[in-house]
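Presented below is the structure to which this report refers.
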Amino acid sequence: MINKIARSVAEALAGVQDGATVLIGGFGTAGIPNELIDGLIAQGAKDLTVVNNNAGNADTGLAALLKTGRVRKIICSFPRQTDSHVFDALYRSGKLELELVPQGNLAERIRAAGAGIGAFFSPTGYGTELAKGKETREINGKGYVLEMPIHGDVALIKAERGDRWGNLTYCKAARNFGPVMATASRLTVATVHEIVELGDMDPEHIITPGIYVHRIVKIDRVATQAGGFQKAA
């Protein structure tokens, strides 16, 4: 019987290796799998390459992972915000490598990995420092840069609900990078707020089919700084 439900976050993250490339969903404060990030901190894997839209906020979540010193490199679009002091300190001191990727290219490079595309040409970044050292080509009179897919050893994503086969749906903007990251990784771990019986989710509403998901773990709803789920009065 297929049952991808893990009993705990620790169980869901078992086997994450040192040196892994970890794709972490989230955009701003929407869809960040904080429980899985905290679990990864407790798990102890080091020398990690992390792929995320940004480089953490304040001292929690991804910023807390960076603060442990166990991330060697981060690949992201927006490394600096007003509260990204953890990243800023590590980068300026030479303790963290940064690969800056335009957001559209980041999403497409991840999607390409999941779709089995070897590489693709993008106009974004052509003629800038971001194209330095990359193959370029003129197509129909326009300059393009060759971009490589981003494969993950592990994807950590946040969903709304799932079933024991690993089928997932998301809540609005929390969907963001989760679906493409799930397809691009050897191991996908998802948190869900609700686990339902097989058949309770309309197949037309399933965003990430269970074939791309290896483990799910149920978590509580908590409030976020951006509003999110509000605590009961």
Side-chain angles (χ1 to χ4, degrees), residues 4-27 29 31-79 84-91 93-101 106 109-110 113-114 148-159 162 166 168 174 176-192 208 212-220 222:
K4 299 179 180 180
I5 301 170
R7 292 170 293 183
S8 65
V9 168
E11 181 179 286
L13 293 173
V16 178
Q17 300 293 312
D18 293 349
T21 295
V22 184
L23 313 184
I24 301 178
F27 185 104
T29 57
I32 299 175
N34 282 320
E35 292 81 2
L36 294 178
I37 297 172
D38 291 344
L40 186 61
I41 293 171
Q43 192 258 7
K46 59 183 184 295
D47 194 32
L48 302 173
T49 295
V50 168
V51 182
N52 186 257
N53 183 66
N54 59 335
N57 303 88
D59 295 286
T60 61
L62 180 53
L65 177 60
L66 295 181
K67 201 170 185 177
T68 66
R70 300 207 300 264
V71 177
R72 177 183 64 82
K73 177 180 179 179
I74 187 163
I75 303 173
C76 70
S77 296
F78 296 95
S84 58
H85 51 266
V86 172
F87 162 80
D88 199 54
L90 290 170
Y91 180 70
S93 64
K95 297 178 181 178
L96 181 66
E97 181 181 348
L98 168 67
E99 181 179 340
L100 189 63
V101 183
L106 181 67
R109 288 177 65 186
I110 298 169
M148 307 303 291
I150 299 175
H151 295 270
D153 295 302
V154 184
L156 307 181
I157 62 176
K158 181 177 181 178
L168 302 176
N176 52 70
F177 285 89
V180 290
M181 286 183 170
T183 68
S185 296
R186 295 183 178 90
L187 171 67
T188 295
V189 181
T191 59
V192 295
T208 299
Y212 296 115
V213 180
H214 303 87
R215 300 169 190 167
I216 67 171
V217 59
K218 189 176 184 294
I219 60 168
D220 294 330
V222 296

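- The side-chain hydrogen bond (donor to acceptor under 3.5 Å, both in side chains) test applied to Thr183 returns no partner, not counting sequence neighbours.
- Checked against salt bridge (charged side-chain N to carboxylate O under 4.0 Å, His left out), Glu11 has the following partners two or more places apart in sequence or in another chain: Arg7.
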Discussion item. Please evaluate residues Val189 and Leu36 with respect to the criterion side chain to side chain contact (heavy atoms under 4.5 Å, CB included), reporting the C-alpha separation (whole Å), side-chain torsions for both, the decisive distance (0.1 Å), and the verdict.
Written reply: CA-CA 8 Å; Val189 181; Leu36 294 178; 3.8 Å; yes

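- The shortest distance between side-chain heavy atoms of Tyr91 and Ile74 does not fall below 4.5 Å.
- Panel note: side chain Arg215, backbone Lys4; no donor-acceptor pair is recorded below 3.5 Å.
- Listed by chain and number, the residues in a side-chain hydrogen bond (donor to acceptor under 3.5 Å, both in side chains) with Asp153 are Arg186 (sequence neighbours excluded).
- Between Leu106 and Ile75, some side-chain heavy-atom pair lies under the 4.5 Å cut-off.
- In this view, Ile32 and Asn34, Ile37 satisfy the side-chain contact (heavy atoms from CB on, under 4.5 Å) rule, not counting sequence neighbours.
- In this structure Thr188 satisfies the side-chain hydrogen bond (donor to acceptor under 3.5 Å, both in side chains) test with no other residue, sequence neighbours excluded.
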Name the atoms and distances for all side-chain donor-acceptor pairs under 3.5 Å in residues 63-71, with sequence neighbours left out.
from  : atom 1 : to    : atom 2 : distance (Å)
Lys67 : NZ     : Asp59 : OD1    : 3.4
Thr68 : OG1    : Leu65 : O      : 2.5
Thr68 : OG1    : Arg70 : N      : 3.3
Arg70 : NE     : Ala45 : O      : 2.9
Arg70 : NH2    : Leu40 : O      : 3.4
Arg70 : NH2    : Ile41 : O      : 2.5

Fill in: side chain to side chain contact (heavy atoms under 4.5 Å, CB included) between Leu168 and Ile157, worked out
CA-CA 10 Å; Leu168 302 176; Ile157 62 176; 3.9 Å; yes

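- For the pairing with Thr21, the side-chain contact (heavy atoms from CB on, under 4.5 Å) check across Leu48, Val50, Val51 returns one residue only, Val51.
- Evaluation of the side-chain contact (heavy atoms from CB on, under 4.5 Å) rule for Pro79 yields Ala55, Cys76, Phe87, Leu98, Leu100 as partners, not counting sequence neighbours.
- A distance-only check finds a donor-acceptor pair linking the side chain of Ser77 to the backbone of Val101 [under 3.5 Å].
- Screening residues 15-27 for salt bridge (charged side-chain N to carboxylate O under 4.0 Å, His left out), with sequence neighbours left out, gives Asp18-Lys46.
- Surrounding NZ of Lys95 are at most 12 heavy atoms belonging to other residues, nucleotides or ligands under 6.0 Å away.
- No side-chain heavy atom of Val154 sits under 4.5 Å from any side-chain heavy atom of Ser185.
- Applying the side-chain contact (heavy atoms from CB on, under 4.5 Å) criterion to Asn54, with sequence neighbours excluded, gives Asn52, Asn57, Phe78, Gln81.
- We find the CD-NZ distance between Glu99 and Lys73 to be 4.0 Å, quoted to the nearest 0.5 Å.
- For Asn53 (side chain) and Phe27 (main-chain N/O), no donor-acceptor pair under 3.5 Å exists by modelled atom type.
- Applying the side-chain contact (heavy atoms from CB on, under 4.5 Å) rule to Gln17 yields no partners; only residues at least two apart in sequence or on another chain are considered.
- When the ring pair (Phe, Tyr, Trp, His ring centres under 6.0 Å) test is applied to Tyr212, no partner is found at least two apart in sequence or on another chain.
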